[in-house]
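Here the structure is laid out as structure tokens; the discussion comes afterwards.
Below, chain A is the first sequence line, B the second, and so on; all start at residue 1.
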2 protein chains.
Amino acid sequence: MPVSSLTDPALEDVRDLLDTGFEHGEMITLVGRCAIDYDGRASSHLPPGERLVICKPDGTLLVHRDEQRKPVNWQPPGSTHSVCLDDDRLIVESVRSSPHEELEITFKTVAQASRLELDDMSELALEGSEEDLRQRILADPDILETGFNAMATERETSAGPIDIYGQDADGTPIAVELKRRRVGPDAVGQLNRYVEALERNRPGKSVRGILVAPSVTERATELLASEGLEFVSLTPEQADTS
Amino acid sequence: MPVSSLTDPALEDVRDLLDTGFEHGEMITLVGRCAIDYDGRASSHLPPGERLVICKPDGTLLVHRDEQRKPVNWQPPGSTHSVCLDDDRLIVESVRSSPHEELEITFKTVAQASRLELDDMSELALEGSEEDLRQRILADPDILETGFNAMATERETSAGPIDIYGQDADGTPIAVELKRRRVGPDAVGQLNRYVEALERNRPGKSVRGILVAPSVTERATELLASEGLEFVSLTPEQADTS
DNA sequence: CCTTAGATCTCGCGT
DNA sequence: ACGCGAGGTCTAAGG
């Protein structure tokens, strides 16, 4: 885990460190006072302030302030970074194509500059996703409704793919929309689009729509009622019955 | 912009640095080999690997790998960080309440640990948002449709707030939904919910729905047609006519 | 606190 | 490439 770091360096030395880091595909962190201009999908300007800048070898660039979870500015993976010294200012530039986006960071002073080689082959194992909720229902369809018969997942309609498509005990088609957390009106609209698409395909035949989530907001409940849709309360993880 | 940094420190010294940094409300960066466990809205486990950890004074915690824009693990602002030394392992813990979430980072080795005091009072100025699109239309309603009369923004309906509510030249009500970029079926569903809510309030009276965006996907175009809704192409920023 | 919808959303998966 | 929907989404604004 080699780390090369400079404290209160001359901007010239920072430029060399960046060039070396970019060359070697290393991660770089910079702490310093900088102004930032962005132009691409939108455009922004951030006056000078002290921030932490991170350049990843995959082309990602992050600018973090001392608060908030999201970077104040950034470039997505695949961008190309470069650095140049202009008088007494160090300019870090990141360019992305398709769509074209430019980020320019102008440093007045740099307090710390580091090159990091990070070795990380592990993969994140996450539980509690919508996929887990789907597996729960497919493993035991009766928890949705007695006699439910799951016939397909991601079934295509003209309005998009249905999470689970099946039939009830009477053979009536059902579109099931899954959400891992409490839902609002948007999920109802989504389910409604799928149900209407199925009904357009089979005129006259009734289709049921069931929204599956831990809970729904009041407005979503009203919308479900006005559209004739149903709700079943389920979480991705089985309730702890210990 | 005071920066205190340790290279290849003993874990004991890292613990002291963290304690000091937490105490003084400073930002902290750690580079090292660690495993991570999360439990809260979901749960996850990440086996050992080399990562960059950032603790912000507002309670934000970020764990970044050497690729991707998003942190592999994190805690939102408002979380409480703590550190303890357990044998030959350094454990950084972050807890959040409402909802309860825990993140535990177990370091085997630390290559770099830094305390940063970042002074940043500037505010980001961003252009090209949906709000800019709204201002464009309100400043010159005719660019939406000749004779359009904007009567309200964020007008409440039983299905949620309409971006712009108004009337056409004939006095027919119009719900306008704005999007800053190319849109898909979700935006059509959103507009449809608003139009249906208005129609439920005024039975028999027809209501027009207009989706405003730079462009729409084909599926969204079909949905617009099947719902009897309309589309007008506009961008947040005026086209460059130089 | 909860709800609602925007975001330079990001990300993965599919066509 | 583009389309589509999930996400521990995050974040701001409003009730």
Side-chain angles (χ1 to χ4, degrees), chain A residues 38-44 60-63 67-79 96-103 124 126-131 133-134 154 156-157 159-163 177-187 189-190 193-194 215-220 236, chain B residues 38-44 60 62 67-79 96 98-103 124 126-134 154 156-157 159-163 177-187 189-190 193-194 215-220 236:
Chain A
Y38 158 74
D39 192 60
R41 287 168 288 177
S43 61
S44 70
T60 302
L61 190 151
L62 305 168
V63 182
E67 56 181 25
Q68 298 253 118
R69 213 218 58 144
K70 295 178 61 173
V72 63
N73 277 118
W74 72 90
Q75 286 283 81
S79 307
R96 174 204 200 188
S97 40
S98 186
H100 183 80
E101 296 190 287
E102 295 179 359
L103 188 73
L124 183 74
L126 185 102
E127 287 174 51
S129 64
E130 179 180 308
E131 176 60 20
L133 176 55
R134 176 183 323 191
E154 301 296 326
E156 283 297 333
T157 72
I162 298 174
D163 283 338
E177 174 62 29
L178 308 175
K179 294 295 169 189
R180 65 170 301 281
R181 60 170 195 172
R182 183 174 173 84
V183 295
D186 55 338
Q190 198 179 341
R193 283 190 280 125
Y194 300 152
S215 58
V216 287
T217 67
E218 190 181 337
R219 186 120 66 179
Chain B
Y38 158 75
D39 192 60
R41 285 168 291 177
S43 61
S44 69
T60 302
L62 305 168
E67 56 182 23
Q68 299 251 126
R69 214 218 56 143
K70 294 179 60 174
V72 64
N73 276 117
W74 72 91
Q75 286 284 79
S79 306
R96 174 204 201 187
S98 184
H100 183 78
E101 294 190 290
E102 295 178 1
L103 187 73
L124 182 74
L126 186 112
E127 287 174 53
S129 65
E130 178 180 309
E131 176 60 21
D132 293 319
L133 176 55
R134 175 183 325 190
E154 301 296 324
E156 282 298 333
T157 73
I162 299 175
D163 284 338
E177 174 62 28
L178 309 175
K179 295 294 171 191
R180 67 171 301 282
R181 60 170 196 169
R182 182 172 173 86
V183 296
D186 55 338
Q190 196 178 343
R193 275 163 31 217
Y194 301 152
S215 58
V216 286
T217 66
E218 190 180 339
R219 186 119 73 179

Closest to the side chain of A:Glu101, out of C:dT8, D:dT11, C:dG6, is C:dT8
Selection from C:dG6, D:dT11, D:dA6 that lies nearest to any side-chain heavy atom of A:Arg69
D:dT11
Out of D:dG8, D:dA6, C:dA5, whichever nucleotide has its closest atom nearest the side chain of B:Gln190:
C:dA5
Check: B:Arg69/A:Thr60 side-chain N/O donor and acceptor closer than 3.5 Å:
no
C:dT8 phosphate, OP1 or OP2: any side-chain N/O from A:Arg96 under 4.0 angstrom?
no
Base, sugar-phosphate, or nothing: which does B:Arg193 touch, judged by heavy atoms less than 4.0 Å apart?
sugar-phosphate
Could you give the distance separating D:dC4 and C:dT8 at their P atoms, to the nearest angstrom?
22 Å
Heavy atoms under 4.0 Å, any strand shown: does B:Ser98 hit a base, just sugar-phosphate, or nothing?
sugar-phosphate
Within the side chain of B:Gln190, is there an N or O that forms a donor-acceptor pair under 3.5 Å with the backbone of A:Asp186?
no
Starting at atom CZ of A:Arg134, determine the distance to atom P of D:dA6, rounded to an integer number of angstrom.
9 Å
Determine: side-chain N/O of B:Arg180 to OP1/OP2 of C:dC9, distance under 4.0 Å, yes or no.
yes
For B:Val216 and B:Gln75, take the nucleotide of DNA chain D holding the closest heavy atom to each; which residue's nucleotide lies nearer the 5' end?
B:Val216
Out of C:dA5, C:dT10, D:dG8, whichever nucleotide has its closest atom nearest the side chain of A:Pro76:
C:dT10
Residue whose closest nucleotide on DNA chain D lies nearer the 5' end, B:Glu218 versus B:Ser44
B:Glu218
Considering only heavy side-chain atoms of B:Arg41, the closest of C:dT3, D:dG7, D:dT9 is D:dT9
Please tell me which of the listed nucleotides, D:dG8, C:dG6, C:dA5, lies nearest to the side chain of B:Glu130?
C:dG6
Ion pair present between B:Arg193 and B:Glu177, side-chain N to carboxylate O less than 4.0 angstrom?
no
Select one nucleotide: of D:dT11, C:dG6, D:dC4, the one nearest the side-chain heavy atoms of A:Lys70.
D:dT11
For B:Gly160, answer base if it contacts any base atom (sugar-phosphate contacts may also be present), sugar-phosphate if it contacts only those atoms, and nothing otherwise; contact means non-hydrogen atoms under 4.0 Å.
sugar-phosphate
Within the 4.0 Å heavy-atom criterion, would you say A:Pro99 contacts the bases, only the backbone, or no part of the nucleic acid?
nothing
Does the C:dG14 base have a donor-acceptor partner in the side chain of A:Glu156 within less than 3.5 Å?
no
Closer to the 5' end of DNA chain C via nearest nucleotide, is it A:Arg182 or B:Leu124?
A:Arg182
Does B:Tyr194 place a side-chain N or O at less than 4.0 Å from the phosphate oxygens OP1/OP2 of C:dT4?
no
Short side-chain N/O contact to C:dT4 OP1/OP2 from A:Thr217, under 4.0 Å:
yes
Among D:dC4, C:dT8, C:dC11, the nucleotide that comes nearest once only the side chain of A:Pro77 is considered
C:dC11
Side chain of B:Gln68 only, heavy atoms from C-beta on: which candidate in C:dA5, D:dG8, C:dC11 is closest?
C:dC11
So does A:Asp186 reach the base of C:dT4 with its side chain, donor to acceptor, closer than 3.5 Å?
no
Return no unless some side-chain N or O of A:Arg219 is found under 4.0 Å from OP1 or OP2 of C:dT4.
yes
Any idea which of C:dT8, D:dT9, C:dT3 is nearest the B:Trp74 side chain?
D:dT9
